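First up is the structure itself, then whatever we jot down about it.
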Amino acid sequence: MTPARMVSPSRLTRAAALTGLLVLVATAIFLLVQYPLLPDLLPVHFNRFGRPNGWQYRTLPRVLIPVGVQALLMTVFGAVAARSEEHHV
């Protein structure tokens with residue numbers, strides 16, 4: 001097995017990474033600013049008619065879940081993109 005070569009990222013790759021990071025930071029800031037305005041009980045499950053039928057208490061980790069999901073998706077997609085670039089070189 002040959003050792004992997006390092007490929008420097010293109011301008012488009014860097015722009016995509018920077019955009020993703022900016023969206024991640026903007027999401028975190030938005031959620032932190034809105035946090036005090038959220039109700040103490042958040043609807044977390046809905047029936048087939050769209051009516052809430054499950055609630056959980058507002059906590060900072062729960063409200064920041066979208067930031068964690070975004071970070072995970074950026075990591076996975078970044079790894080896939082890096083792996084596919086490696087095979088096209």
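Just so it is clear, the structure is predicted and the values come from calculations on it, not from any experiment.
- Taking a 6.0 Å sphere around CZ of Phe46, one finds it holds more than 12 heavy atoms contributed by other residues, nucleotides or ligands.
- When hydrophobic side chains of Ile, Leu, Val, Met, Phe, Trp and Tyr are connected at separations under 4.5 Å, Leu18 ends up clustered with Leu22.
- The distance from atom CG of Leu41 to atom CZ of Arg58, rounded to the nearest 0.5 Å, is 10.0 Å.
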Without placing hydrogens or testing angles, list every side-chain donor-acceptor pair under 3.5 Å for residues 60-70, not counting sequence neighbours.
| from | atom 1 | to | atom 2 | distance (Å) |
| --- | --- | --- | --- | --- |
| Arg62 | NE | Gln56 | OE1 | 2.6 |
| Arg62 | NH1 | Tyr57 | O | 2.4 |
| Arg62 | NH2 | Gln56 | OE1 | 2.8 |
| Gln70 | OE1 | Thr27 | OG1 | 3.2 |
| Gln70 | NE2 | Thr27 | OG1 | 3.2 |

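- For the residue pair Leu21 and Met74, the shortest heavy atom distance occurs at N-CE, 3.7 Å.
- By the 6.0 Å contact criterion, OH on Tyr35 is enclosed, its count of non-hydrogen atoms from other residues, nucleotides or ligands being greater than 12.
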